[in-house]
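Below is one structure, written out as structure tokens, with a few remarks after it.
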Amino acid sequence: MSGSGKKKLIRLNVVMSYPVKWTEYSTISNFVQNFYDALGVADFGKKFRHFLDGDTLIMTAEKGFAKEWLYYLGASNKRKCDGRYAGKFGEGFKIAALMSIRDYHLGIDMESRDWTLHVTSVPGEIDGHSVEFLAYEIGKR
């Protein structure tokens with residue numbers, strides 16, 4: 001992942017202890033689904049690429065999107081599109097990111113347009129109790 005300069009930390013309103021359990025297949029398929037939805041059924045087979053570089057799975061497509069869609073549970077522009085999309089509720093990337101780093105100990109880095117994103121966690125507090133939150137480190141490409 002390329003990037004330079006100061007990074008901005010975005011804390012999501014998702015605690016790391018959120019009681020969700022996805023299989024490895026469901027976790028990875030939710031990342032792929034985002035490419036499918038961005039490219040569309042006609043272009044997915046032609047424009048989505050994936051390969052292994054050592055122990056790193058790299059997925060690419062030449063279509064960008066706004067990172068802000070990745071910040072909020074429920075944020076989706078796919079709800080009123082008559083079944084053209086695999087995703088719908090704006091939770092797939094966030095929960096796949098949570099599962100990846102918490103349960104499968106995978107690093108998740110991505111980039112699009114002029115930004116980079118690294119999935120991490122940050123400490124926080126709720127009503128005097130220490131918790132960890134899912135977070136993104138946002139940088140510039």
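Positions are given from 1, in the same order as the sequence printed here. Keep in mind that what you see is a predicted model, and the values were worked out from it rather than measured.
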> When rounded to the nearest 0.5 angstrom, what is the spacing between CZ in Arg141 and CZ in Arg113?
Replying inline: 11.0 Å
> Does some side-chain heavy atom of Glu24 sit less than 4.5 Å from a side-chain heavy atom of Met99?
Replying inline: no
>> Just to verify, what does Ser112 make a side chain to side chain donor-acceptor pair (under 3.5 Å) with, not counting sequence neighbours?
In response: none
> How far apart are the C-alpha atoms of Thr27 and Leu106, what are their side-chain angles, what is the distance that settles it, and do they pass the side-chain contact (heavy atoms from CB on, under 4.5 Å) test?
Replying inline: CA-CA 11 Å; Thr27 300; Leu106 301 172; 5.8 Å; no
> Do you know the tightest heavy-atom contact between Ile101 and Ser121?
Replying inline: CD1-N, 4.4 Å
>> How about CD on Glu125, more than 12 heavy atoms from neighbouring residues, nucleotides or ligands closer than 6.0 Å, or not?
In response: yes
> Going by the angle between their ring planes, with limits at 30° and 60°, are Phe93 and Phe31 parallel, tilted or perpendicular?
Replying inline: perpendicular
>> Let me confirm one number: the CG-CD1 distance from Leu9 to Ile138, rounded to the nearest 0.5 Å.
In response: 9.0 Å
> Does a side-chain heavy-atom distance below 4.5 Å link Val14 with Leu73?
Replying inline: yes
>> As an exercise, state the distance from CG of Leu134 to NZ of Lys94, rounded to the nearest 0.5 Å.
In response: 10.0 Å
> Using 30° and 60° as the class limits, which term best fits the ring planes of Tyr36 and Phe44: parallel, tilted or perpendicular?
Replying inline: perpendicular
> Just wondering, do Ile10 and Leu70 contact through their side chains at under 4.5 Å, heavy atoms?
Replying inline: no
> Which value, rounded to the nearest 0.5 Å, describes the distance between Leu98 atom CG and Tyr104 atom OH?
Replying inline: 11.0 Å
>> For a quick test of reading the model, state the closest non-hydrogen atom pair linking Ala96 to Asn30 and the distance between them.
In response: CB-CB, 4.0 Å
> In a check of side chain to side chain contact (heavy atoms under 4.5 Å, CB included) between Leu117 and each of Met110, Lys7, Glu111, which one passes?
Replying inline: Met110
> Which atom pair, heavy atoms only, marks the closest approach of Tyr18 to Arg102?
Replying inline: O-NH1, 2.7 Å
> Among the clusters formed by ILVMFWY side chains lying less than 4.5 Å apart, do Ile58 and Val32 turn up in the same one?
Replying inline: no
> Would one find more than 12 heavy atoms of other residues, nucleotides or ligands at under 6.0 Å from atom NZ of Lys8?
Replying inline: no
>> How long is the straight-line distance from CZ of Phe51 back to CG of Leu57, given to the nearest 0.5 Å?
In response: 9.0 Å
> side-chain contact (heavy atoms from CB on, under 4.5 Å) between Asp114 and Lys140: does it pass, once the steps are laid out?
Replying inline: CA-CA 6 Å; Asp114 66 344; Lys140 293 279 186 192; 3.9 Å; yes
> Measuring from Leu12:CG to Phe133:CZ, what's the distance to the nearest 0.5 Å?
Replying inline: 10.0 Å
>> Please find the pair of heavy atoms, one from Lys67 and one from Trp115, that lie closest to each other, and give the distance.
In response: CB-CE2, 3.5 Å
> Under a 4.5 Å side-chain heavy-atom rule over Ile, Leu, Val, Met, Phe, Trp and Tyr, are Phe35 and Tyr25 clustered together?
Replying inline: no
